[in-house]
Amino acid sequence: MLGFTRTDNEALVSCLGDPQRTVAAYHTLLGRGADALDAIRTGLSHADPAIREGCCRLLDHLVDLDSMDLLIAMADDPDARVRTAAFHALACDRCKDDACAPGADRVLAPALRHLATDPDPHVRAMAAELVGKFVHTDPRALAALQASHDGDPNPTVRKKAGWFIPGGPIHKRTRPR
């Protein structure tokens with residue numbers, strides 16, 4: 001199957017670090033759904049950042065309550081690509097039901113910290129998306145996004161933060177009625 005010697009979940013997770021096999025491994029694991037979660041959770045602590053990143057991307061679609069704390073912890077990973085994937089997974093609601101959407105009490109503090117201080121602009125941009133989810137309910141979110149919009153050194157981060165502050169398109173679209 002797929003040209004892999006082994007196709008158990010653990011072997012497929014290890015293939016997430018192989019550029020030649022990562023796409024096939026990702027799609028196979030995604031297709032296995034909840035049956036692959038134990039291997040994916042274990043992959044979050046792998047030495048190879050590409051494997052950790054792939055596991056975060058998988059959890060974007062497969063996260064469950066047992067995986068949420070692990071995914072939140074990945075926001076502090078030493079590798080920027082892993083942090084970016086973790087913040088995307090935490091911010092993206094398209095693939096999650098309401099039971100798995102993390103609340104501000106769990107994710108806002110790390111998102112605020114990374115929006116203000118992360119050295120990587122991609123991480124700050126993804127943190128802005130997560131902070132933006134709380135802009136109508138938490139004044140810290142609005143203040144942080146305004147500060148980022150006004151003063152981040154990266155134009156992409158400033159632009160993205162602007163989407164979530166008053167006058168921005170996402171702020172308008174998500175405004176409570």
Side-chain angles (χ1 to χ4, degrees), residues 16-17 19 22 26 40-41 43-63 65 67-177:
L16 294 172
T22 189
Y26 176 89
I40 293 167
R41 287 183 201 118
L44 291 173
S45 61
H46 197 280
D48 185 343
I51 292 173
R52 297 192 309 272
E53 176 190 12
C55 290
C56 287
R57 289 187 306 114
L58 283 161
L59 286 177
D60 180 28
H61 300 275
L62 301 175
V63 73
L65 294 175
S67 303
M68 188 56 68
D69 287 336
L70 296 170
L71 186 57
I72 292 168
M74 298 312 291
D76 290 322
D77 192 89
D79 189 274
R81 294 169 301 165
V82 176
R83 293 192 308 275
T84 300
F87 276 118
H88 172 81
L90 292 167
C92 180
D93 289 334
R94 267 183 294 213
C95 305
K96 297 170 196 62
D97 60 31
D98 287 338
C100 285
D105 60 318
R106 298 179 76 189
V107 298
L108 187 54
L112 290 169
R113 182 169 28 87
H114 284 276
L115 177 60
T117 65
D118 200 282
D120 188 276
H122 294 103
V123 176
R124 293 194 309 276
M126 289 311 308
E129 288 191 24
L130 184 53
V131 171
K133 289 178 63 172
F134 306 104
V135 72
H136 297 290
T137 58
D138 193 307
R140 296 175 299 163
L142 178 57
L145 288 164
Q146 189 67 58
S148 182
H149 176 67
D150 293 343
D152 194 278
N154 184 278
T156 302
V157 177
R158 291 192 305 269
K159 178 181 177 180
K160 189 170 272 192
W163 294 348
F164 296 95
I165 60 175
I170 296 176
H171 188 274
K172 289 177 186 177
R173 187 175 69 232
T174 60
R175 178 179 55 236
R177 305 269 178 231

- Task: Enter the distance from Arg57:CZ to Cys92:SG here, rounded to the nearest 0.5 Å.
- Result: 13.0 Å
- Item | Separation between CG of Leu44 and NE2 of His46, rounded to the nearest 0.5 Å | 11.5 Å
- Query: Quick one: does Leu70's side chain get under 4.5 Å of Met74's, heavy atoms only?
  - Reply: no
- In Å and rounded to the nearest 0.5 Å, what is the CZ to CG distance from Arg106 to Leu71? 10.0 Å
- Closest approach of Gly167 to Lys172 (non-hydrogen atoms, all atoms of both residues): O-CE, 3.4 Å
- Query: For Gly17 and Pro19, which heavy atoms make the closest approach, and how far apart are they?
  - Reply: O-CD, 3.5 Å
- Note on the structure: Shortest non-hydrogen pair, Ala86 vs Ala75, comes out as CB-N, 3.9 Å
- So Phe164 and Val131, side chain to side chain contact (heavy atoms under 4.5 Å, CB included) or not? Walk me through it. CA-CA 9 Å; Phe164 296 95; Val131 171; over 6 Å; no
- Message: For the NE2 atom of His149 and the CD1 atom of Ile165, what is their distance to the nearest 0.5 Å?
- Response: 4.0 Å
- Write down the atom of Thr22, the atom of Leu16, and the distance for their closest heavy-atom approach. OG1-O, 3.1 Å
- Message: Any side-chain to backbone donor/acceptor pair from Ser67 onto Val63? Under 3.5 Å, distance only.
- Response: no
- Task: Compare all side-chain heavy atoms of Ser148 with those of Arg158 and state whether any distance is below 4.5 angstrom.
- Result: no
- Message: With a 4.5 Å cut-off on side-chain heavy atoms, are Val107 and Phe134 touching?
- Response: yes
- Task: Side-chain contact test, heavy atoms from C-beta onward, threshold under 4.5 Å: evaluate it for Glu129 versus Phe87 and give yes or no.
- Result: no
- Item | Heavy-atom check, side chain of Leu145 versus side chain of Leu115, under 4.5 Å | yes
- Would you indicate whether the side-chain heavy atoms of Leu90 and Met68 approach each other to under 4.5 Å? yes
- Query: Is there a side-chain hydrogen bond (donor to acceptor under 3.5 Å, both in side chains) between Asp76 and His114 once you walk through the steps?
  - Reply: CA-CA 9 Å; Asp76 290 322; His114 284 276; 2.7 Å; yes
- Query: More than 12 non-hydrogen atoms from neighbouring residues, nucleotides or ligands closer than 6.0 Å to NE2 on His171, yes or no?
  - Reply: yes
- Item | Name of the residue among Arg124, Lys160, Lys159 meeting side-chain hydrogen bond (donor to acceptor under 3.5 Å, both in side chains) with Asp152 | Arg124
- Between CZ on residue Arg83 and CZ on residue Arg52, distance to nearest 0.5 Å: 10.5 Å
- Message: Can you tell me how far apart SG (Cys56) and CZ (Arg81) are? Round to the nearest 0.5 Å.
- Response: 11.5 Å
